[in-house]
Amino acid sequence: MNSENKVENPDSGDLASIFSFRAQVYSIIRHLFLFEPSREYLQSLLQNEVLKAIGEAYPEEYLRTSSQEFLKAVREVLEGGDDMLLDTWAEYARLFIGPSPPIAVPYESFQRDAYGDRRFKGDTWMEVKEWLLDDGYVLEDKRVLEDHAGIEFEYMQLTSMKASELARKEDRDTLFNVLMRQKKFLEEHLTKWIPELCSEIEEKTKSSFYRSLAKFTKAFLKEDLNLLDEALTCLSEGK
Amino acid sequence: MANQQISRRSFIKLGIVAGLAVAAAATLGIPAYEKLYLTQVPPEKIKAIKEKIKRNEVQVKYTACVMCAAECALEVWVKDGRVVRIYGNPHLTYNSGGAACAKAVSGLQLQYSPYRIQYPLKRVGERGEGKFIRISWEQAVDEIASKLVQLKKKYGPECLLTDTGDVTDRDQYWRLNFAFGSPNAVEHGAICDTPRRHGPKLIVNGKRWEPDILRPVPVRMPDGSIQWYNKHDAKLIIYLGWNPFTATRIVWENIGTVRARAENGCKVYVIDPGFSNTAALADKWFPIRPGTDADLFAAMLRYILEHDNPADPRRRYIDHDVLVDTYVEGWPEFLEAFKSWWNKVDPLTGKNYFTPEWAEARTGLPKEDIERLAHEFGITKPAALIWGMQSPGHHYNGYVASILGCVLNIVTGNFERIGGVIDTEIVKSSKGGTATGKQFNSRKVKRTVNGVEVEAEQEKLHYCLYGDWPAAWDDVVGDLPRMIQEGITLRYGPFRGHKYPIAAYILRTGNTLVTAGPVYKFIEAFTAKKPDGTYKLELYVVIDTIFLESALYADYVLPEASFLERMSLSDIYPTHPVIFLRDAVVEPMFEAKKPTDIMNMLAKKIREYELREFGRSDIDPKDFWEKYKSEEDFVNEMLSVAPGRPNAGRPLPFPNLPEGYTLYGTPESLDAGQVQIDHEKKIVRGEPVTVEYLRRHYGGTMWPMSWYRYKVWDAEKKEWKSGGILTTKTKKLELKFHRYEGYNKLVAEAGEAPPSWKELGWEKLPLTFYWFETVWNPYTNPQYVKYKAEYPFQLISARIHQAMSGTHMCEWLAQTPAEGLWIPLSEPFELKMAETTPGGKAIVSVKKALPRNMWCIGTVQINRVDAEKYGIKTGDLIVLENPLGRKAPAKAYVCETVRPGVIRMGFATGGRFAPGLGGTYMHRLYTPNHSELLDYKHTPVMGQTCFADMVVKIRKASVDELKTLLPAYYQTEYRIEGVGTA
């Protein structure tokens, strides 16, 4: 960029908002991978300003259209009444839980470990567990495992919240480290398996709700990595 | 699309937009974040956890396997809360010599399978549609309990049938069932091999006769010490229809057969239509025609009786010292009844019954071989004649073979002889005791029958014993479809005339739909509806770790803790008292719960609903959650009756204790005399065996072995008497079947024999030798000769190494070929697997196209001579069809290892439509499900499905035809992933 078009770095307040924004999006994705959506939750999504704003905030066309598609699908489920809600819950089970073999087993070690020996608590599970420990987190609830997609999104959510707080306090050094960790986690874990998982869901789900969620999740992850790159660059320049 | 990365401008814009959005979200009061799973913990705790991981600690724990009914002792390595290795337990060498087989090790695949049931599920589609939603345990327990109480109100608690499938770990569910008020609780034994066990039950109150080849065994020495006795004494073992090397549940039989042969020159003969792995080791294979085991045994007995000569050492077959009134009840009558057939002429063969010529015509074995078998068995001492589960256990007339098998062993003096034959049931350690809850069945209950109020014990409501199967002491599950469709009418006992439906079925770790009888019959019953459109079976609950076909039709599916996550006691087949602890070595994953917890949760909720509905409850907190605060409490109560066996035999296990008294307590305390003796009840009580005790002893313990345990020395009269391990009415080996007397009395009081007895022309059960033919056998039963020409093949099934219908989900086992029954003859298919990218930098998921013949599938064996007649080669697709019009596809395996005129297939190896079975599921459309080809036919008296009685015709088939050959439940496209697409 030449000096005439030089753009100033975002201020701390903007950064805090960005990271808070990210935390909210991760919170949504996290919830929908961990749980079947209740009527109340779906209604809250339609009112969620963050979701609505994604189209405006991000340059990536794909992310904009996928978020709009997702909101449309949410609306359809709500308008479909109890039957459609039940079908959505049944589809959640079919996709992620069973009892038939799930279409998209939402566990990283299943998706990435070993030669055909796909199972829970593989080596990648341990890697994720140790990663979380390194950042001070433990999973005490045994109903899921550490490498569940929802838990990995939860990690991103929590660390985004932390980043927001650090930005507000203008603790740029610590913020830089937190963002680096996030970037690494995206590169070494989330983007290694979630995009493909989402592609499987898109291809095989019967539900437009989950199809659009999968598209949106894939798009957001990709953009989030780009965003982190930019944020880290900003922080480096500001040092 | 242009690569639109976030630029600095767009990043700033994002900040502004985000700021507005987040602020707006806060204004609307929408909670930004909800309760999360991850907890931030203090650095010192993190440090402690990381140090623990860094130390790379492995915890070594001990438990017992469930991958087959051998239930071997295991050593399990646990690291960071996950099981990383499964080995045999080197400290408890019983059963496996301290080794673990491939089945045990593949338990890891079950434990960490993504296809295991993780959460409670509720059906939302039709039964069989496979459409479920996840619900909480609270909701599941509430709805199930509520429904059970509604049904109790409507029909009485007896409308509940609890089927605990596998024998092991069932006690909590039985306790709940009985306390609820239903006497109807069954287990796998009902569909396993009741005819096989019939003779032992009648004669010694036992179950399974096995050769005395478990070595080493702990034995009392003359100097009082216990030493390992490691010598083999058996000189001849005859296995009829029994295949320890592939299908055994008794690993020591496998090892012992090899050792006895190598170390003692023991001869091994295998009598089987198939050349099994055991036959491959044997000295001779006798390829008997299916369904003729009783014929062979009868001929052997006749030969022995006719040729026995105590004065000639070359003909001294019979042990006349045993065949005396002291030990054997009813021999003269048995002999007379047996001999009464000798002059009768068989209408089918024109020969006199039980002669070698007659047996030759029936069995297809040369008469010289029959005589040789009889002579060698008679003259060789010690020897063991062993008969199997599939045969005669799955034949309509299996009882006859079972009785004759026992008699052959007894008359030759081999029962309880060192190196002879042992009944594993009457020597194994007792377990269960009052924990199982059978005492609830003694409660007095009232019913109004034909307008009259009747009061009697709860047990008198039993759906079989007072229904159509009064002598089915192992219950009946094969006939469940009819019972669901028609309901129960009690024919016998004080509640005679009382009617009730089977309205609720709780199935735990069983797969009745596939393993209990014709699949279509069970599906018809589970989906049958009443005129109002509701299901006849109003509540169907499946409790399991893995999802099998039976669960596809359930209303609720509850996740039970796997065998590595729960505590119980193993149920094994030893030659002396042995007990292993099944210990929970890791915590249950996801929302799986232990049986004790499930029992308590349901009991609590049932009580709540009963109090609300009836103002009282049959469930007392003191019998459930107040008494059993943990599974350890429950298991300790089960252990309180260990070993529960007599101090009998030679050498006397505990010479310091009274002979013949029943022993309870640890072997150390009994040995040390730290006991209390009750001379009135003839009981000796040492220190109780507990979970803690077993843990201190590497997970198990055993008491000394001895032999001739039915002979007890009466010190006062200075003579031997019969008793000890025999708990028959007379305490003798009963060849007069006193056991039948009670049933006869019950039936006589009603004045009408049950339908299955009438099939044989019986108004009462004969109290001595009897004979009747099997069904669907054109070589022995004139009624079926008409099918011989058009249906020239007898159809039999055999077990392979995947012992249970559920273990197919373990892919490691899936890739081991077995005996022409499980062979890599798959059609091309795709498999998703993980693979490294070039350079090994990353692991990616790839779909691989596997060509033909890469994967093991269930196949059928057909003899080369037969195959040539039909132009069939190995790998050809064929269709099997029985006279009832039922069809099944198969791939042929042409060989010389099966008798001509026989089609042999694996049990539960094909046509499996539970999607979690991976490759086995994918190949369902062209692999045979044996249960599709069955007649809805049950053995008389015990109601066992006649798995081994059928004839078929075959022809070549095309792939296109096979796609539509099978019923809809095979065709349904349940999604599977991780393994490929169908």
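Chain naming here is simple, since letters A, B, ... match the order of the sequence lines and numbering starts at 1 in each.
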Taking the side chain as every heavy atom from C-beta outward, state whether [X] and [Y] have any atom pair closer than 4.5 Å.
X       : Y      : result
K131(B) : D87(A) : yes
V124(B) : W89(A) : no
Q118(B) : F96(A) : no

Taking the six-membered ring for Trp, are F120(A) and F590(B) ring centroids under 6.0 Å apart?
yes
Distance, nearest 0.5 Å, that separates CD1 of I133(B) from OG1 of T88(A)
11.0 Å
Under a 4.0 Å N-O cut-off, is there an ion pair linking E140(A) with K45(B)?
yes
Which of the residues V83(B), L121(B), V84(B), I117(B) is involved in the greatest number of heavy-atom pairs with chain A at under 4.5 angstrom?
L121(B)
Take H148(A) and Y37(B), measure what side-chain contact (heavy atoms from CB on, under 4.5 Å) needs, and give me the verdict at the end.
CA-CA 11 Å; H148(A) 188 286; Y37(B) 277 113; over 6 Å; no
Is it true that a side-chain atom of Y119(B) and a backbone atom of R143(A) form a donor plus acceptor pair closer than 3.5 Å?
yes
Taking the side chain from R94(A) and the backbone from G130(B), do they hold a donor-acceptor pair closer than 3.5 Å?
no
Minimum-distance pair of heavy atoms, taken over all atoms of L133(A) and K50(B):
CD1-CG, 4.1 Å
Part of D135(A) lying under 4.5 Å from any heavy atom of chain B
backbone
